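Throughout, numbering of the chain's residues begins at 1 and tracks the sequence. Owing to the predicted nature of the structure, the values given are computational and were not obtained by experimental measurement.
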Amino acid sequence: MCRTRINVDIMGRSFNIVGDKKSEYLLSIAREVDAKMKELRNENPNLMYDTAAILTALNFCDELFMLKNEKERKAEAAEEEAESNLIRS
């Protein structure tokens with residue numbers, strides 16, 4: 001698999017990113033992180049860079065957990081409905 005290398009800017013800092021995804025995808029992720037960190041920094045101007053990075057990571061992780069929980073809930077509901085349909089058959 002081809003490794004992609006790109007340079008991105010996140011809140012004024014330059015980072016080299018290497019990944020198995022296309023450069024456009026990696027760039028869009030970096031832009032999202034940059035936007036979220038800037039949003040936090042705008043709400044809290046005295047926030048240090050490292051703190052903004054950790055809070056951004058926690059916010060993304062929270063979103064991920066919520067999506068996973070929602071997916072699991074929907075899968076369980078679909079399984080229960082399928083079992084219910086089998087019982088009625």
Side-chain angles (χ1 to χ4, degrees):
M1 183 170 268
C2 184
R3 305 284 288 171
T4 303
R5 292 179 180 274
I6 64 167
N7 185 276
V8 299
D9 182 73
I10 298 176
M11 281 189 51
R13 291 191 181 181
S14 182
F15 295 91
N16 289 311
I17 298 178
V18 179
D20 294 334
K21 307 289 185 189
K22 291 183 178 183
S23 60
E24 296 82 14
Y25 179 78
L26 297 174
L27 185 57
S28 68
I29 291 172
R31 285 181 179 151
E32 185 69 16
V33 170
D34 183 57
K36 293 291 186 180
M37 285 183 68
K38 285 179 179 174
E39 182 180 312
L40 274 174
R41 199 78 176 273
N42 285 338
E43 293 171 2
N44 306 288
N46 296 326
L47 205 60
M48 301 293 291
Y49 183 90
D50 294 346
T51 304
I54 290 182
L55 290 174
T56 299
L58 288 169
N59 287 336
F60 277 125
C61 196
D62 179 47
E63 288 179 31
L64 177 63
F65 277 28
M66 287 191 301
L67 290 170
K68 283 182 176 180
N69 288 338
E70 180 67 14
K71 180 180 176 183
E72 289 173 7
R73 188 191 64 72
K74 286 181 178 180
E76 288 171 2
E79 187 176 317
E80 288 174 6
E81 185 176 337
E83 288 175 4
S84 176
N85 289 337
L86 282 175
I87 293 172
R88 285 189 231 147
S89 297

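Here NZ of Lys21 is found 13.5 Å from SG of Cys2. Values are rounded to the nearest 0.5 Å. Atom CD of Glu79 sits about 12.0 Å away from atom CD of Glu72, to the nearest 0.5 Å. With rounding to the nearest 0.5 Å, the separation of NZ in Lys22 from CD1 in Ile6 is 14.0 Å. The distance from the CD1 atom of Ile29 to the CD1 atom of Ile17 is 8.0 Å, given to the nearest 0.5 Å.
Asp62 is linked by a side chain to side chain donor-acceptor pair (under 3.5 Å) to nothing, counting only residues two or more places apart in sequence or in another chain. Contacts of Ala53 classified as side-chain contact (heavy atoms from CB on, under 4.5 Å), with partners at least two apart in sequence or in another chain: Met37. Take Glu70 and apply the side chain to side chain donor-acceptor pair (under 3.5 Å) test, not counting sequence neighbours, and it matches Arg73. Take Leu67 and apply the side-chain contact (heavy atoms from CB on, under 4.5 Å) test, not counting sequence neighbours, and it matches no residue.
Here the closest heavy-atom approach between residue Gly19 and residue Leu26 is recorded as N-CD1, 4.1 Å. Shortest non-hydrogen contact noted between Arg3 and Asp20 is NH1-OD1, 2.8 Å.
With Thr56 contributing its side chain and Ala52 its backbone, the two residues share a donor-acceptor pair below 3.5 Å.
Under the 4.5 angstrom side-chain criterion for Ile, Leu, Val, Met, Phe, Trp and Tyr, Val18 has no cluster partners at all. Members clustered with Leu58: Leu40, Leu47, Ile54, Leu55, by chain and number, using a 4.5 Å side-chain heavy-atom cutoff among hydrophobic residues.
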Side-chain donor-acceptor distances from residues 7-16 under 3.5 Å, at least two apart:
| residue | atom | partner | partner atom | Å |
| --- | --- | --- | --- | --- |
| Asn7 | OD1 | Ser14 | OG | 2.9 |
| Asn7 | ND2 | Ser14 | OG | 2.9 |
| Asn7 | ND2 | Asn16 | OD1 | 2.9 |
| Asp9 | OD1 | Arg13 | N | 3.4 |
| Asp9 | OD2 | Gly12 | N | 3.4 |

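Annotation: salt bridge (Lys or Arg N to Asp or Glu O under 4.0 Å) contacts involving residues 38-54, sequence neighbours excluded, comprise Asp34-Lys38.
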